[in-house]
Amino acid sequence: MDAIANPTVISPPGLTPRIIDVPGDIAGYRAVGGYAPLRSAADLLQQVVASGLRGRGGAGFPLGTKLRSVTGHCGPGVRPVVVANGEEGEPASAKDRWLLRHRPHLVLDGLRVAATILDADRAVVYLSDPAAADSITAAIAEAGEMPITFEIHTVEPGYVAGEETAAVRSLNGGLAKPMDKPPRPFAKGVERRPTLISNVETLANLAWIHRHGAAEFRSAGTADSPGTFLATVTGAGREAAIYELPHGFSIRDLLALHGVPAGTVRGALLGGYFNGLTNQRVLDLSLDHETLRGAGTGLGCGAISLLTEQDCPVAVTASVLEYFDRENAGQCGSCFNGIAAMSAVASALREGTAAPDDLERFDRWSTVLRGRGACATLDAATNAARTLLDEFPDAVKRHRDGGCAICAATPFTAVRPFDVEAVTR
């Protein structure tokens with residue numbers, strides 16, 4: 001099944017939700033303190049730094065540091081631009097589209113706070129989903145007069161379209177494809193001005209911090225990964241679901257919440273396609289940046305795709321690499337050719353036709369190609385290849401020897417593995 005539609009949106013027992021239970025309508029949002037009067041920019045920035053809020057788009061970079069980097073590049077007469085990045089290129093994630101469609105005021109309020117901190121004179125919501133664009137358009141009209149005028153910029157969807165330099169390029173009138181770095185957007189971005197590009201979930205949390213403060217934000221999560229986050233869970237024959245979880249929540253507890261017996265899970269794609277596969281050791285991990293980094297993987301955008309005994313990791317990896325081959329920007333020779341080559345070997349391995357020297361090259365490419373692309377797509381592809389070899393050597397051997405019973409019975413050929421097609425509630 002290529003797409004899994006209509007995820008439910010819930011939180012675990014005992015957690016008071018911070019994001020998913022916020023009213024989506026203007027009256028309800030104002031009633032819980034939304035669009036509250038703004039404090040001074042210095043006080044707001046201090047609260048963000050103290051909160052330890054990390055970006056929710058993939059890299060997990062501290063928002064306070066990002067804000068300070070932008071202000072550090074604003075000279076006399078130069079005002080920055082703020083961009084709410086809602087272009088959710090990861091097929092296995094749905095949380096950004098859900099926020100834009102169902103919690104638009106929370107996102108706009110966070111964008112308002114960020115613009116105030118930076119004294120920005122331009123605030124843009126960057127997205128591709130038509131339903132999300134309609135929701136944000138309606139919310140802007142409902143919100144009325146604000147300290148800054150909100151804009152909407154719509155692009156064609158794509159894996160690389162949400163990369164921050166791709167957003168800058170598109171907003172400057174070009175294609176939504178990554179650019180060489182430096183300069184980074186915080187130094188020279190939209191209109192060559194310092195630009196903050198922040199994920200919409202990050203901004204939703206920023207709005208929450210404005211209302212409740214840094215100390216209360218840190219009352220959930222871990223010391224290094226404070227607060228809650230939205231996890232999109234797919235796979236294991238279950239309907240997709242979005243969970244609001246405290247950082248540090250265990251994988252085993254998430255499986256119980258999702259109704260999946262831990263004994264049926266053989267691995268997962270953690271953080272979306274980017275981090276590649278983790279085998280059954282995933283069952284002993286918790287969902288926070290420090291734990292997953294120490295385990296050689298990452299939380300990324302919070303997408304968690306479960307593999308059971310009915311899912312062959314070789315076939316899943318082949319489909320992921322085929323996706324990267326189609327979706328790469330086509331601008332870097334190392335990326336364009338390297339991903340195509342790795343995809344060809346993974347496909348041959350899936351079909352049982354890979355030669356020994358193919359696998360030797362596959363092994364080498366998974367290491368030497370890392371870091372050679374202008375954006376992270378090539379790194380994502382090398383992660384897929386490397387983790388398959390490291391985490392599932394027995395599955396690779398079965399395919400090399402032409403004896404995978406799973407693929408013989410039910411071939412996995414998803415065009416967009418674990419895709420979440422639609423987001424409604």
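In this structure, His289 and His247 have tilted ring planes: the angle between them lies in the 30° to 60° band.
When side chains are defined from C-beta on, Val125 counts as touching Leu108, because their heavy atoms get closer than 4.5 Å. Considering only heavy atoms from C-beta on, Ile19 comes within 4.5 Å of Leu99 through its side chain. Using a 4.5 Å heavy-atom threshold, the side chains of Phe362 and Leu321 count as touching. Looking at Phe274 and Cys301, their side chains never come closer than 4.5 Å, going by heavy atoms from C-beta outward. At a threshold of 4.5 Å between non-hydrogen side-chain atoms, the residues His102 and Ser135 do not count as touching. Under the 4.5 Å side-chain criterion, counting only non-hydrogen atoms from C-beta, Tyr35 is in contact with Ile26. Within the 4.5 Å cutoff, side-chain heavy atoms of Leu270 are placed close to those of Ile304.
Remark: the backbone N or O of Arg68 is paired with a side-chain donor or acceptor of Thr71 at under 3.5 angstrom. Checked by atom type and distance alone, the side chain of Glu90 pairs as donor or acceptor with a backbone atom of Tyr273 at under 3.5 Å. Arg252 contributes a side-chain N or O that, together with a main-chain N or O of Leu283, makes up a donor-acceptor pair within less than 3.5 Å. In terms of modelled atom types and a separation under 3.5 Å, the side chain of Arg281 and the main chain of Ala295 share a donor-acceptor contact. Formation of a donor-acceptor pair under 3.5 Å by the Arg103 side chain with backbone atoms of Ile20 is found in this model. With hydrogens and angles disregarded, no donor-acceptor distance shorter than 3.5 Å links the side chain of Asp109 to the backbone of Gly34. Using a distance-only test at 3.5 Å, with no hydrogens or angles considered, a donor-acceptor pair links the side chain of Arg218 to the main chain of Ala50. Side chain of Thr195 to backbone of Val190: a donor-acceptor contact under 3.5 angstrom is found. A donor-acceptor distance shorter than 3.5 angstrom exists from the side chain of Arg266 to the backbone of Asp311, with no hydrogens or angles considered. The backbone N or O of Ser93 sits nowhere less than 3.5 Å from a side-chain atom of Thr232 that would complete a donor-acceptor pair.
To the nearest 0.5 Å, atoms CG (Leu388) and CG (Asn279) are separated by 11.0 Å. His153 contributes atom NE2, which lies 4.5 Å from atom CG of Leu171 (distance to the nearest 0.5 angstrom). Taken to the nearest 0.5 Å, the CD1 atom of Ile117 stands 10.0 Å off from the CD atom of Gln47. How far CG of Asp180 is from SG of Cys375: 10.0 Å, rounded to the nearest 0.5 Å. Atom CD1 of Ile251 is separated from atom CG of Leu292 by 7.0 Å, given to the nearest 0.5 angstrom. Taken to the nearest 0.5 Å, the CG atom of Asp390 stands 7.5 Å off from the OG atom of Ser366.
Of all the heavy atoms in Ala315 and Cys407, the pair that sits closest is CB-SG, 3.9 Å.
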(request) Tell me, with the steps shown, if Arg122 and Glu151 meet salt bridge (Lys or Arg N to Asp or Glu O under 4.0 Å). (result) CA-CA 8 Å; Arg122 188 177 176 192; Glu151 307 170 30; 2.9 Å; yes
(request) For side chain to side chain donor-acceptor pair (under 3.5 Å), just list the numbers for Thr278 and Glu391, CA-CA rounded to whole Å, side-chain angles, deciding distance to a tenth of an Å, and then say yes or no. (result) CA-CA 6 Å; Thr278 305; Glu391 301 284 319; 5.2 Å; no
(request) For the pair Ser343 and Phe324, evaluate side-chain contact (heavy atoms from CB on, under 4.5 Å) and give the outcome as yes or no after the intermediate values. (result) CA-CA 8 Å; Ser343 176; Phe324 285 143; over 6 Å; no
(request) Could you go through the side chain to side chain donor-acceptor pair (under 3.5 Å) check for Arg18 and Asn205 one step at a time? (result) CA-CA 8 Å; Arg18 300 177 173 189; Asn205 278 276; 5.8 Å; no
(request) Before giving the answer on side-chain contact (heavy atoms from CB on, under 4.5 Å), spell out for Trp365 and Thr382 the whole-Å C-alpha distance, their side-chain angles and the decisive distance to 0.1 Å. (result) CA-CA 7 Å; Trp365 292 331; Thr382 59; over 6 Å; no
(message) Run Leu306 and Phe418 through side-chain contact (heavy atoms from CB on, under 4.5 Å) and show every step you take.
(response) CA-CA 9 Å; Leu306 304 170; Phe418 307 104; over 6 Å; no
(message) For Glu322 and Arg350: C-alpha separation, side-chain torsions, deciding distance, then whether side-chain contact (heavy atoms from CB on, under 4.5 Å) applies.
(response) CA-CA 12 Å; Glu322 286 168 352; Arg350 178 183 59 200; 2.8 Å; yes
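Shown here are the side chain to side chain donor-acceptor pair (under 3.5 Å) partners of Arg79, two or more places apart in sequence or in another chain: Asp119. Not counting sequence neighbours, the partners of Arg192 by the side-chain contact (heavy atoms from CB on, under 4.5 Å) test are Lys188. In this view, Ser286 and Asp288, Thr291 satisfy the side-chain contact (heavy atoms from CB on, under 4.5 Å) rule, not counting sequence neighbours.
Checked against the 6.0 Å centroid threshold, His212 and Phe217 do not count as a close aromatic pair.
Using a 4.0 Å cut-off between a side-chain N of Lys or Arg and a carboxylate O of Asp or Glu, Arg101 and Asp134 do not qualify as a salt bridge.
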Side-chain donor-acceptor pairs under 3.5 Å in residues 333-342, sequence neighbours left out?
unit_1, atom_1, unit_2, atom_2, d
Ser334, OG, Arg372, O, 3.1
Asn337, ND2, Gly333, O, 3.1

Can I get a per-line list of side-chain donor-acceptor pairs under 3.5 Å for residues 196-203, giving both atom names and the distance, sequence neighbours left out?
unit_1, atom_1, unit_2, atom_2, d
Asn199, OD1, Lys95, NZ, 3.1
Asn199, OD1, Glu201, N, 2.8
Asn199, ND2, Asp96, OD1, 3.4
Asn199, ND2, Asp96, OD2, 2.9
Glu201, OE1, Lys95, NZ, 2.9
Glu201, OE2, Leu230, N, 2.9
Thr202, OG1, Arg56, N, 2.8

Which atom pairs, donor and acceptor, lie under 3.5 Å between side-chain atoms of residues 158-167 and protein residues at least two apart or in another chain?
unit_1, atom_1, unit_2, atom_2, d
Glu163, OE1, Thr165, N, 2.8
Glu163, OE1, Thr165, OG1, 2.4
Glu163, OE1, Ala166, N, 3.1
Glu163, OE2, Thr165, OG1, 3.3
Glu163, OE2, Lys181, NZ, 3.1
Thr165, OG1, Met179, N, 2.9

